[in-house]
Asker: 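Sharing a structure with you now.
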Amino acid sequence: MEKNNKKRIFSGVQPSGDLHIGNYLGAISQWVNMQNKYECIFCVVDYHAITVKQDPEILRKKIIEIAKIYIASGIDPQKSVIFQQSTITAHTEFAWILNCIVARMSDLNKMTQFKDKSGNHQENVGIGLYDYPVLMASDILLYNTDVVPVGDDQLQHVELTRTLARRFNERFGDTLQLPKAEIRKTGARIMGLDDPTKKMSKSAASDLNYIALTDNPDKAAKKIMRAVTDTGSEIKYDLEKKPGISNLLTIYSLLVKKEIKELEKEYQNKMYGEFKKNLAEVVKSFLIDFQKKYNAISDKEVEQIMAQGTKKIKPIADNTLDRVKMKIGVL
Ligand code: AMP
Ligand code: TRP
């Protein structure tokens, strides 16, 4: 894959937990729209997933599942590359080099995601969880990436990637391209259905928090009906006073591709019940359609698509790694 005049995008999702409509509306559906403007590489980041405990059989299934979700969402394997991180060994090799040469304890000590994920067990979590942002920097820098579209929770990691690249370049001369994060607009932060003040999350305690892309459509419709709403009866976007209704309006608007203002007008003088019933139908038919596409893709097909992806981009990664190895004196 020669770099043409299009800018290059790199992003990834971990094959762990259930992917939910927050991931879809906030991340993957945005990538779909970027495919014509950018040269895109979408990774299934399995070596990031093993920074926390995984069951081997489930992990193997989840890797295939994420790739299928990319394709069912509209990522076109003819246009964009889909691949599995662990199939290109340059990722871990380069991460080791970055660890030794430019990454410092003081950088990683600042990472808020590590603090959140390790909680009160910082002494006992694996080293991989601590070092996770350096592997992410390796993913991004190997492909001379211009733009990294991620949620705001990943901004700190992309900033660290820039710092590491800058340090390397200062010491060894211009070698690595500095990427930019592209953070989605605020509308795309989907909140939990059972608690609209917190982000929808696959690690939430209750499964009423999220709608998984693999949820039974009828069950998903029921989750919308049970979603927490606010006092009052007006269907109006107001994050402070009406976080529940605002979140449902956001989901509705993104799924039917209508402005929130338009929906507010449609539901003027109508009750929460009717609004939720209609949204439940919208979610249900979205899932039926999505799952039809998802089920039409075989495991074999996905394996082939990912193998082709690897073949296509491995030379880019190997080339960057060779240049780096030469600069540091091991080649
Ligand atoms: P994760 O599941 O944390 O690996 O996230 C995968 C992608 O989905 C990242 O770009 C996240 O920022 C994005 N994401 C996760 N949860 C949400 C949410 N509730 N709303 C919007 N985007 C999300
Ligand atoms: N850390 C990201 C997340 O949890 C996933 C990820 C790994 C990633 N490598 C990446 C995202 C490179 C963008 C670019 O969501």
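First listed ligand is number 1; within each ligand, the first listed atom is number 1.
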Asker: Heavy-atom pairs closer than 4.0 Å: do any link ligand 1 to the side chain of His20, the backbone, both, or neither?
Answerer: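 Answer for His20: side chain.
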
Asker: Taking distance alone, with N or O pairs closer than 3.5 Å, would you say Asp153 contacts ligand 1?
Answerer: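 Between Asp153 and ligand 1 (N or O atoms, distance only) the closest approach is under 3.5 Å.
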
Asker: Of all the atoms in ligand 1, which lie at a distance below 4.0 Å from a heavy atom belonging to Ala27?
Answerer: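 By the 4.0 Å cutoff, the relevant atoms are 7 (C), 8 (O), 10 (O).
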
Asker: Please determine whether any non-hydrogen atom of Lys199 lies less than 4.0 Å from an atom of ligand 1.
Answerer: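 In this structure, Lys199 qualifies as a contact of ligand 1 - some heavy atom is under 4.0 Å.
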
Asker: Between Tyr143 and His91, is the ring centre distance below 6.0 Å?
Answerer: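 Yes: the rings meet the under 6.0 Å criterion.
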
Asker: Can you find an N/O atom of Gln14 closer than 3.5 Å to an N/O atom of ligand 1?
Answerer: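 Checking ligand 1 against Gln14, no N or O pair falls under 3.5 Å apart.
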
Asker: Quick check: Gly151 and ligand 1, any N/O pair under 3.5 Å apart?
Answerer: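 For ligand 1, there is an N or O atom that lies under 3.5 Å from one belonging to Gly151.
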
Asker: Would you say Arg226 has more than 12 foreign heavy atoms packed within less than 6.0 Å of its CZ?
Answerer: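 For Arg226, atom CZ is not crowded (no more than 12 foreign heavy atoms under 6.0 Å).
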
Asker: Does at least one non-hydrogen atom of Met191 fall below 4.0 angstrom from an atom of ligand 1?
Answerer: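 The answer is no, since Met191 has no heavy atom less than 4.0 Å from ligand 1.
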
Asker: For a quick check under 3.5 Å, do Asp146 and Tyr38 share a side-chain donor-acceptor pair by atom type?
Answerer: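 Side-chain D/A pair, Asp146 to Tyr38: absent.
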
Asker: Should the heavy atoms of other residues, nucleotides or ligands under 6.0 Å from CE of Met271 be counted, would the total exceed 12?
Answerer: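 Counting other residues, nucleotides and ligands, CE of Met271 stays at 12 neighbours or fewer.
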
Asker: So, Tyr132 versus Gln14: side-chain donor-acceptor pair below 3.5 Å or not?
Answerer: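 A donor-acceptor contact under 3.5 Å links the two side chains.
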
Asker: Heavy-atom cut-off of under 4.0 Å around ligand 2: list whichever protein residues fall inside it, by chain and number.
Answerer: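 Residue list for ligand 2: Phe10, Ser11, Gly12, Gln14, Val45, His48, Tyr132, Met136, Asp139, Ile140, Val148, Val150, Gln154.
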
Asker: What's the verdict on side-chain hydrogen bond (donor to acceptor under 3.5 Å, both in side chains) for Gln113 and Asp153, showing C-alpha distance, side-chain angles and the deciding distance?
Answerer: CA-CA 8 Å; Gln113 187 172 312; Asp153 54 335; over 6 Å; no

Asker: Can you measure from CG (Leu98) to CG (Leu135) and round to the nearest 0.5 angstrom?
Answerer: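 Those atoms lie 9.5 Å apart.
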
Asker: Using the benzene-type ring in the case of Trp, are the ring centres of Phe94 and Phe168 under 6.0 Å apart?
Answerer: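 Between Phe168 and Phe94, which both carry aromatic rings, the centre distance is not below 6.0 Å.
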
Asker: List the steps and the verdict of side-chain hydrogen bond (donor to acceptor under 3.5 Å, both in side chains) for Tyr130 and Asn109.
Answerer: CA-CA 8 Å; Tyr130 183 67; Asn109 286 340; 2.6 Å; yes

Asker: Is Lys293 salt-bridged to Asp289, cutoff N-O under 4.0 Å?
Answerer: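 Here Lys293 pairs with Asp289 in a salt bridge, since their nearest N and O are under 4.0 Å apart.
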
Asker: For ligand 1 and Val13, I'd like to know whether there is a polar contact (N/O to N/O, distance under 3.5 Å).
Answerer: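 Such a contact does not occur with ligand 1.
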
Asker: Backbone or side chain, does any N or O of Gly12 fall under 3.5 Å from an N or O of ligand 1?
Answerer: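 No, no N or O pair falls under 3.5 Å.
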
Asker: Testing the basics here: between Lys115 and Lys110, what is the closest heavy-atom pair and its distance to 0.1 Å?
Answerer: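 Answer, listing the atom of Lys115 first, then Lys110: NZ-O, 4.1 Å.
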
Asker: Regarding atom 19 (N) of ligand 1: of the candidates Val148, Ile190, Leu19, which has the closest heavy atom?
Answerer: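 Of the listed residues, Ile190 has the closest heavy atom.
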
